[in-house]
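Heads up, the thing below is written out as structure tokens.
Below, chain A is the first sequence line, B the second, and so on; all start at residue 1. The structure displayed is predicted, hence computed values, not measured ones. Computation of the quantities below employed the complete heavy-atom set of this structure, encompassing side-chain atoms and omitting hydrogens, waters and symmetry-equivalent molecules.
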Amino acid sequence: MRINCPYCGARCLEEFTYRGDATVKRPESIDESARDAWVDYVYLRDNPAGLHKELWHHGAGCHSWLEVTRNTVTHEIVAVELAAKGR
Amino acid sequence: MPILSIRKESGSVSNLESTSALHGFAAPGRYGKRDGDAGVTASERKNLGLATIAARKGQEAALKAAIQSAYGADLPDGSTSAVGKGVRFIGIGPGQWFAVSDSLANEALADELSTKLQGLASIADHSSGRAVMRIEGPAVKDALAKGLAIDLDPRVFVDGAAATSTLSHMGVLLWRDGDAYDVALFRSVGGSFWGWLRASAAEYGLEFVTTS
């Protein structure tokens, strides 16, 4: 599998580290009432068969965090963006 | 005692001869195939000024203008390099560059960049932490291909092109200078690099020469 890094170009898998679901959002509140939201954020993940947005770190290259859209059935990668886009 | 006062005195650290990253295990000479011209020639570019430049938040445009004004080079937005007055600037990531200089030797490059780019970028001296090996010769691409998963075809890896990647699992920064390839590696893996190079270039004949 190769990932087409927006900065470096197409690179082989061993240059990257997988971080996981790119769509989870850290809860704003640290109150006890936000407990369920925290359990969801820390532990619960969907396991989709199909397109999945996920974070990869290009540790052996430009050190960018990437947001990769990958088909979990075929491993086809349909989009790669810098996670820091627009920031 | 403040470190600065040590560095400025005569006979100080900066006046010492730097030791080769391959000292003690790589002797100049011919390795591998003995007959014919060497297919690969390797040398160490010693006493280079090496430094990283990281743009401060919101200062990238001002940093580019300052580099253009001081060195006459356009900081590249991708993994390629631009050569200005005495300094090569190599893109290593968004908002980050690696600077290499012959004329601003050792820590002089980082010192000058820190002064000229104050407030625009963070500068880190890498001159004592990395070794730069120059690899060239008719079989250089075949030898490098044994450890590096980068397409070095001259149509895509043009003069000045650069890549941050791994070479036989060692993190390297590589750039093309004419027909030669410069490989910056951490000094601590100098021995591993030499072992890899000696084995990988053996079938083409390897000539190791010293420079500086």
| request: Would you mind checking which part of B/Asp151 comes under 4.5 Å of any heavy atom in chain A, side chain (CB onward), backbone (N, CA, C, O), both or neither? | output: neither

| message | Tell me whether A/Arg45 at atom CZ has more than 12 heavy atoms from other residues, nucleotides or ligands lying less than 6.0 Å away. | response | yes

| request: Count the heavy atoms belonging to other residues, nucleotides or ligands that lie under 6.0 Å from OH of A/Tyr18, then report whether that count exceeds 12. | output: yes

| task | State whether the number of non-hydrogen atoms from other residues, nucleotides or ligands found under 6.0 Å of A/Leu44 atom CG is greater than 12. | result | yes

| query | How long is the gap from OG on B/Ser165 to CD on A/Glu14, to the nearest 0.5 Å? | reply | 8.5 Å

| field | Atom CG of B/Asp159: over 12 foreign heavy atoms under 6.0 Å | value | yes

| Point-to-point distance, once rounded to the nearest 0.5 Å, from OG1 of B/Thr164 to NE2 of A/His63 | 8.0 Å

| query | Taking every heavy-atom pair that is under 4.5 Å apart, which of B/Ala162, B/Gly91, B/Ala149 has the most such pairs with chain A? | reply | B/Gly91

| With a cut-off of 6.0 Å (strictly less than), are more than 12 heavy atoms of other residues, nucleotides or ligands near NZ of A/Lys53? | no

| remark: Heavy atoms of A/Cys62 and B/Gly93 approach each other most closely as CB-CA, 3.7 Å

| task | State, without any angle test, whether B/Thr166 and A/Glu15 hold a side-chain donor-acceptor pair at a distance under 3.5 Å. | result | no

| note | Bottom line for B/Ile150: the part with an atom under 4.5 Å from chain A's heavy atoms is side chain

| message | For B/His23, I'd like to know if atom NE2 has over 12 heavy atoms of other residues, nucleotides or ligands within 6.0 Å. | response | no

| said: Is there a side-chain contact between A/Ser64 and B/Pro94 in this structure, where contact means two heavy atoms from C-beta onward sitting under 4.5 Å apart? | reply: yes

